[in-house]
Amino acid sequence: MEDKSRFIKSLRKSSNMDSNIYISVRNRKSLFGSSGAGCGLLDLSIEEWIDLFGTNGFEVVKYSKLPRPWITGVSFNALKNVVVTSMDRLIPINLAYMILFELKASS
């Protein structure tokens with residue numbers, strides 16, 4: 001997503017104080033790297049995501065690791081994904097590939 005701030009603002013406009021928003025994102029500081037840079041998109045670190053959510057009217061209730069999506073098919077990437085996904089349980093959250101945020105509208 002090119003304009004992350006605009007997207008988050010649109011979420012804020014359509015939510016109320018009782019809303020909980022769950023959003024999963026890639027972590028720029030992932031141990032195994034994050035994709036997107038090749039197509040001009042910039043991933044953010046956990047800290048940068050927290051700042052972006054706060055700037056746009058959300059408080060982060062909690063965040064956690066989300067398992068990396070599986071790549072299907074038989075290829076080098078699929079085999080690499082099996083290894084990376086297996087190792088994901090061992091890595092600390094700040095180095096995880098995918099992060100799940102629970103957000104609440106701030107007043």
Side-chain angles (χ1 to χ4, degrees):
M1 173 156 305
E2 290 181 46
D3 192 346
K4 295 169 182 60
S5 187
R6 187 173 71 186
F7 173 73
I8 295 167
K9 283 178 187 172
S10 72
L11 286 177
R12 180 62 182 96
K13 287 178 185 176
S14 62
S15 61
N16 60 44
M17 298 308 283
D18 296 325
S19 300
N20 281 14
I21 306 288
Y22 295 87
I23 186 167
S24 61
V25 298
R26 291 186 305 236
N27 178 14
R28 181 174 55 85
K29 293 186 177 179
S30 168
L31 181 63
F32 298 104
S34 64
S35 56
C39 57
L41 300 177
L42 178 65
D43 292 331
L44 305 177
S45 67
I46 293 172
E47 298 80 13
E48 292 167 325
W49 280 111
I50 291 171
D51 289 344
L52 185 64
F53 293 136
T55 300
N56 289 290
F58 285 102
E59 85 176 70
V60 175
V61 176
K62 66 180 177 178
Y63 60 94
S64 58
K65 288 194 283 185
L66 188 67
R68 185 181 177 117
W70 284 94
I71 297 173
T72 57
V74 179
S75 68
F76 173 73
N77 282 336
L79 296 174
K80 179 181 86 171
N81 196 40
V82 169
V83 173
V84 169
T85 303
S86 300
M87 292 178 63
D88 195 40
R89 296 174 188 245
L90 306 173
I91 359 184
I93 192 167
N94 62 317
L95 298 176
Y97 178 73
M98 295 290 293
I99 306 296
L100 174 65
F101 286 94
E102 180 182 349
L103 309 174
K104 191 140 191 84
S106 57
S107 47

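Count residues from 1 along the sequence. None of these values were measured; they are calculated from a predicted model.
- Closest of all the heavy-atom pairs between Trp49 and Arg26 is NE1-O, 3.3 Å.
- A distance-only check finds no donor-acceptor pair linking the side chain of Arg12 to the backbone of Phe53 [under 3.5 Å].
- Between Asn56 and Leu52, the shortest heavy-atom contact is ND2-O, 2.8 Å.
- With sequence neighbours excluded, the residues satisfying side chain to side chain contact (heavy atoms under 4.5 Å, CB included) with Asp18 are Asn16.
- Every residue was checked against the side-chain hydrogen bond (donor to acceptor under 3.5 Å, both in side chains) condition with Ser64, not counting sequence neighbours, and none meets it.
- In this view, Glu47 and Lys29, Ser45 satisfy the side chain to side chain contact (heavy atoms under 4.5 Å, CB included) rule, not counting sequence neighbours.
- Among residues two or more places apart in sequence or in another chain, the ring pair (Phe, Tyr, Trp, His ring centres under 6.0 Å) test is passed with Phe58 by none.
- Side chain of Ser24 to main chain of Ile99: no donor-acceptor pair is present (N/O by atom type, distance under 3.5 Å, no hydrogens or angles).
- With hydrogens and angles ignored, the 3.5 Å screen pairs a side-chain donor or acceptor of Asn27 with a backbone N or O of Ala96.
- In this view, Glu48 and Arg28 satisfy the salt bridge (Lys or Arg N to Asp or Glu O under 4.0 Å) rule, not counting sequence neighbours.
- Glu102 contributes atom CD, which lies 9.5 Å from atom CD of Glu59 (distance to the nearest 0.5 angstrom).
- In this structure, the side chains of Val61 and Leu103 stay at 4.5 Å or more apart for every pair of heavy atoms.
- Proximity of Ile23 to Phe7: side-chain heavy atoms (C-beta onward) are separated by under 4.5 Å at one or more points.
- By the criterion of side-chain heavy atoms lying less than 4.5 angstrom apart, applied directly or through intervening Ile, Leu, Val, Met, Phe, Trp or Tyr residues, Tyr22 is grouped together with Leu66 in one hydrophobic cluster.
- Using cut-offs of 30° and 60° for the angle between ring planes, the Tyr63 and Phe101 rings count as tilted.
- Ile93 and Ile50 fall within a single hydrophobic cluster, where Ile, Leu, Val, Met, Phe, Trp and Tyr are joined by side-chain heavy atoms under 4.5 Å apart, directly or via other members.
- Atom NZ of residue Lys4 and atom CG of residue Leu42 lie 5.5 Å apart, to the nearest 0.5 angstrom.
- In this structure Lys104 satisfies the side-chain hydrogen bond (donor to acceptor under 3.5 Å, both in side chains) test together with Asn20, sequence neighbours excluded.
- Contact of the Leu44 side chain with the Val25 side chain is not registered, since no non-hydrogen atoms from C-beta on lie closer than 4.5 Å.
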